[in-house]
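In this chain, residues are counted from 1 in sequence order.
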Amino acid sequence: QVQLVESGGGLVQAGGSLRLSCAASGRTFTPYAMGWFRQAPGKEREFVSTINWSASSTYYADSVKGRVTISRDMAKNTVTLQMNSLKPEDTAVYYCALKYGTGAYVLAQHYNYWGQGTQVTVSS
């Protein structure tokens with residue numbers, strides 16, 4: 001079993017920055033990828049970013065590319081999403097997710113575990 005706890009969400013003005021973190025605990029000795037997804041009210045959950053086990057591969061949704069950076073700290077079992085130049089359309093609940101394996105995965109259905117989510121609100 002794995003537990004994922006997100007932190008760092010909040011209210012920010014457009015153009016501002018937020019740093020989301022996700023801490024994993026439990027069965028974290030098996031190689032795993034981490035991903036971030038988001039869900040806005042009335043919309044489906046969508047992919048934001050993912051990073052593989054070795055941090056050698058990262059992927060970003062086109063909507064956030066150039067504004068978001070994903071990174072991980074293997075020693076602390078954490079993954080961070082640095083978000084800059086935030087826009088009102090970035091407003092959503094952000095979820096981190098874990099998928100066992102050595103690749104990087106963009107589809108939500110591939111992920112084994114999910115956090116509870118953290119709210120990000122960007123005001124115009």
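Under the rule for a side chain to side chain donor-acceptor pair (under 3.5 Å), the partners of R27 that lie at least two apart in sequence or sit in another chain are Y100. Remark: V93 engages Y95, Q119 in a side-chain contact (heavy atoms from CB on, under 4.5 Å) (not counting sequence neighbours). With sequence neighbours excluded, the residues forming a side chain to side chain donor-acceptor pair (under 3.5 Å) with S25 are Q3, listed by chain and number. With sequence neighbours left out, S56 forms a side chain to side chain donor-acceptor pair (under 3.5 Å) with N52, S54.
Neither I51 nor F47 shares a network with the other; the hydrophobic side chains, linked directly or stepwise wherever heavy atoms of I, L, V, M, F, W or Y lie under 4.5 Å apart, form separate groups for each. Under a hydrophobic-cluster definition in which Ile, Leu, Val, Met, Phe, Trp and Tyr are linked whenever side-chain heavy atoms come within less than 4.5 Å, directly or via other members, Y113 and M74 are assigned to the same cluster. Linking Ile, Leu, Val, Met, Phe, Trp and Tyr whenever their side-chain heavy atoms come within less than 4.5 Å leaves V5 and W114 in two separate clusters.
Within the structure, the side-chain hydrogen bond (donor to acceptor under 3.5 Å, both in side chains) test picks out the following pairs touching residues 102-112 (sequence neighbours left out): T50-Y111. Annotation: disulfide (SG to SG under 2.5 Å) contacts involving residues 37-81, sequence neighbours excluded, are absent. Sequence neighbours left out, not one pair with a member in residues 110-124 passes salt bridge (Lys or Arg N to Asp or Glu O under 4.0 Å).
The minimum heavy-atom distance between V48 and V64, with the atom names listed, is O-CG2, 3.6 Å. Nearest heavy-atom pair, G101 versus W53, reported as atom, atom and distance to 0.1 Å: O-CB, 4.1 Å. Across all non-hydrogen atoms, the minimal contact from K65 to Y60 is CE-O, 3.6 Å. Scanning both residues, L98 and A24, for their nearest heavy atoms gives CD1-CB, 4.4 Å. Looking at every heavy atom in both residues, R72 comes nearest to A55 through CG-CB, 4.1 Å.
Annotation for L11: hydrophobic cluster partners, listed by chain and number, are none (ILVMFWY side-chain heavy atoms under 4.5 Å, direct or chained).
Between atom NZ of residue K87 and atom OG of residue S124 there is a gap of 14.0 Å, rounded to the nearest 0.5 Å. The distance from the CZ atom of R67 to the OG atom of S85 is 7.0 Å, given to the nearest 0.5 Å.
One N or O on the side chain of T91 and one on the backbone of V122 form a donor-acceptor pair closer than 3.5 Å.
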Please report, to 0.1 Å, the donor-acceptor pairs under 3.5 Å made by any side chain of residues 31-41, with sequence neighbours excluded.
from : atom 1 : to  : atom 2 : distance (Å)
Y32  : OH     : N77 : OD1    : 3.0
R38  : NE     : E46 : OE2    : 2.5
R38  : NH1    : D90 : OD1    : 2.9
R38  : NH1    : Y94 : OH     : 2.9
R38  : NH2    : E46 : OE2    : 3.1
R38  : NH2    : S63 : OG     : 3.4
Q39  : NE2    : K43 : O      : 3.1

For residues 14-23, which side-chain donor-acceptor pairs fall under 3.5 Å, sequence neighbours excluded?
from : atom 1 : to  : atom 2 : distance (Å)
S17  : OG     : N84 : OD1    : 2.9
R19  : NH1    : Q82 : OE1    : 3.0

